[in-house]
Engineer: 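Got a structure for you, questions after.
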There are 2 protein chains.
Amino acid sequence: MPEKIGPGKPDRYMQPSILMALLDGRSHGYELLQHIGEYGFLKGDAPPGMIYRHLRQMEEEGLVASQWDAEGSGPAKRVYAITDEGREVLDAWVGYMERQAASLLGFVTRYRERTGG
Amino acid sequence: MPEKIGPGKPDRYMQPSILMALLDGRSHGYELLQHIGEYGFLKGDAPPGMIYRHLRQMEEEGLVASQWDAEGSGPAKRVYAITDEGREVLDAWVGYMERQAASLLGFVTRYRERTGG
DNA sequence: TAACATATGTGCACTAAGCATCTATGTCAA
DNA sequence: TTGACATAGATGCTTAGTGCACATATGTTA
């Protein structure tokens with residue numbers, strides 16, 4: 001399970017961002033697009049194609065579960081919810097992110113000490 | 001110049017690690033291999049092929065400069081030194097890493113508040 | 001002289017990103 | 001009533017970067 005997190009995955013943190021957003025309740029791709037930027041890991045908006053691919057891959061891995069929702073206005077939505085396994089993976093991600101933050105701050109400190117800036 | 005740093009580059013931070021190590025003085029690939037793990041961004045050792053490719057690409061970009069050193073024991077080494085441009089890029093990296101650490105800690109805090117753990 | 005450590009590289013398969021594009025559906029205004 | 005627009009989901013293609021195995025060369029030492 002811990003092989004699912006951490007590098008070599010890039011530092012956009014799409015997966016934990018999606019899982020985190022789903023902690024607040026079920027949602028669908030198009031809606032998630034507009035919220036996962038809040039965490040500060042994306043420059044602009046996430047490319048739309050990206051999030052759908054992530055969601056489907058995460059469903060294959062059992063981290064989220066989806067069902068179609070044709071209610072409401074507009075076209076049908078594929079609505080996702082986080083699973084117990086998703087919660088575990090998110091927890092592991094948070095641990096990794098904490099360690100990563102510590103490494104980053106250590107690096108920054110080391111640099112400032114050397115350059116006196 | 002700021003396009004050279006940040007995502008989509010992965011979070012192994014090879015480039016800033018190499019530049020940082022070269023702040024302490026000129027060095028060569030094989031030696032750098034054994035030191036850049038100290039910063040905490042690599043699981044085990046960096047794959048040897050990786051570092052040589054990075055060094056040559058960084059030389060193309062003008063961040064480091066090399067010359068052959070046949071002195072001393074063992075085979076000749078290609079010894080690298082950081083350039084002024086390399087120093088600027090490292091400085092930009094450090095700024096990026098500081099912001100990244102802040103985002104990470106923000107994410108972690110948000111998670112802990114939600115889950116109470 | 002064969003094994004080993006040092007030192008630098010190349011080749012290939014795989015993954016993920018980035019971007020453009022495509023499909024479909026519902027809404028609303030001219 | 002049809003054409004524009006917003007919503008929603010998905011695919012195709014190119015490129016970048018990784019990971020791993022392997023190749024090459026030189027000096028040291030048993």
Engineer: What integer distance in Å separates B:Met58:CE from C:dT8:C1'?
Structural biologist: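 Value for this atom pair: 17 Å.
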Engineer: D:dT18, D:dG17, D:dA8: which one has an atom nearest the side-chain heavy atoms of B:Met50?
Structural biologist: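 Nearest to the side-chain atoms of B:Met50, counting from C-beta on, is D:dT18.
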Engineer: Of the nucleotides C:dG9, D:dG9, C:dA16, which one has an atom closest to the side chain of A:Gln57?
Structural biologist: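 Within the option list, the nearest is C:dA16.
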Engineer: Would you kindly give the NZ-to-P distance between A:Lys77 and C:dA24, to the nearest whole Å?
Structural biologist: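 Computing the A:Lys77:NZ to C:dA24:P distance gives 18 Å.
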Engineer: Ignoring backbone atoms, test whether B:Arg78 places a side-chain nitrogen or oxygen under 4.0 Å from the OP1 or OP2 oxygen of C:dG9.
Structural biologist: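 Yes, B:Arg78 has a side-chain N/O under 4.0 Å of OP1/OP2 on C:dG9.
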Engineer: Please assess B:Arg110 against A:Glu38 for the test salt bridge (Lys or Arg N to Asp or Glu O under 4.0 Å), listing each intermediate value before the final yes or no.
Structural biologist: CA-CA 11 Å; B:Arg110 202 154 162 170; A:Glu38 293 170 19; 3.1 Å; yes
Engineer: What closest approach, in Å, do B:Arg78 and B:Ser66 show between heavy atoms, and which atom pair accounts for it?
Structural biologist: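 Heavy atoms only, the tightest pair is NH1-OG, 3.4 Å.
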Engineer: Could you state the CD-C1' distance from A:Gln15 to C:dA17, rounded to the nearest angstrom?
Structural biologist: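 After rounding, the reported distance stands at 15 Å.
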Engineer: So what does B:Gly29 touch, heavy atoms closer than 4.0 Å: a base, only the sugar-phosphate, or nothing?
Structural biologist: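 Touches sugar-phosphate only.
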Engineer: Is it possible for you to say whether B:Ile82 and B:Val79 belong to one hydrophobic cluster, with membership spreading through side-chain heavy-atom contacts below 4.5 Å?
Structural biologist: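 Per the 4.5 Å side-chain linkage, B:Ile82 and B:Val79 are not co-clustered.
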Engineer: Without decimals, in angstroms, what is the distance between A:Leu32 CG and D:dT7 C1'?
Structural biologist: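 Spelled out: CG on A:Leu32 to C1' on D:dT7 is 14 Å.
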Engineer: Each nucleotide N or O in nucleotides 23-27 of chain D that has a protein N or O under 3.5 Å away: list the pair and distance.
Structural biologist:
| from | atom 1 | to | atom 2 | distance (Å) |
| --- | --- | --- | --- | --- |
| D:dG27 | O3' | B:Gly74 | N | 3.4 |

Engineer: Are B:Arg56 and C:dT10 close enough that a side-chain N or O sits under 4.0 Å from OP1 or OP2?
Structural biologist: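 It does, given that an N or O in the side chain of B:Arg56 lies less than 4.0 Å from OP1 or OP2 of C:dT10.
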Engineer: My understanding is that only one of B:Glu61, B:Glu60, B:His54 makes a side chain to side chain donor-acceptor pair (under 3.5 Å) with B:Gln57; could you say which?
Structural biologist: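 Of the listed options, the one satisfying the test is B:Glu61.
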Engineer: Quick one: A:His54 NE2 to D:dA8 C1', roughly how many Å, whole number?
Structural biologist: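 For the pair A:His54 NE2 and D:dA8 C1', the rounded distance is 19 Å.
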Engineer: In this structure, how many angstroms lie between the C1' atom of D:dA8 and the CD atom of A:Gln67, rounded?
Structural biologist: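 These atoms are roughly 17 Å apart.
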Engineer: Would B:Asp24 and A:Arg114 count as a salt bridge (Lys or Arg N to Asp or Glu O under 4.0 Å) if you check the C-alpha gap in whole Å, the side-chain angles of each, and the deciding distance to 0.1 Å?
Structural biologist: CA-CA 9 Å; B:Asp24 290 334; A:Arg114 254 173 199 56; 2.6 Å; yes
Engineer: Can you tell me if A:Tyr52 touches the phosphate of D:dG9, counting only side-chain N or O atoms and a distance under 4.0 Å to OP1 or OP2?
Structural biologist: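 It does, given that an N or O in the side chain of A:Tyr52 lies less than 4.0 Å from OP1 or OP2 of D:dG9.
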Engineer: Report the nucleotide, chosen from C:dC19, C:dG11, C:dT8, that has the shortest atom-to-atom distance to any side-chain atom of B:Arg53.
Structural biologist: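 Nearest to the side-chain atoms of B:Arg53, counting from C-beta on, is C:dG11.
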Engineer: May I have the distance from B:Phe41 (atom CZ) to D:dT18 (atom C1'), rounded to whole angstrom?
Structural biologist: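 Interatomic distance, CZ of B:Phe41 to C1' of D:dT18: 18 Å.
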Engineer: Centres of the B:Tyr13 and B:Trp93 rings: under 6.0 Å?
Structural biologist: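 Yes.
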Engineer: Please report, rounded to the nearest Å, how far the P atom of D:dG19 is from the CG atom of B:Leu33.
Structural biologist: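 Interatomic distance, CG of B:Leu33 to P of D:dG19: 13 Å.
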Engineer: Report the nucleotide, chosen from D:dT18, C:dT8, D:dA8, that has the shortest atom-to-atom distance to any side-chain atom of B:His28.
Structural biologist: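 Closest of the options to the side chain of B:His28: C:dT8.
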Engineer: Roughly how far apart are B:Arg112 CZ and B:Leu105 CG, rounded to 0.5 Å?
Structural biologist: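 Here the rounded value is 11.0 Å.
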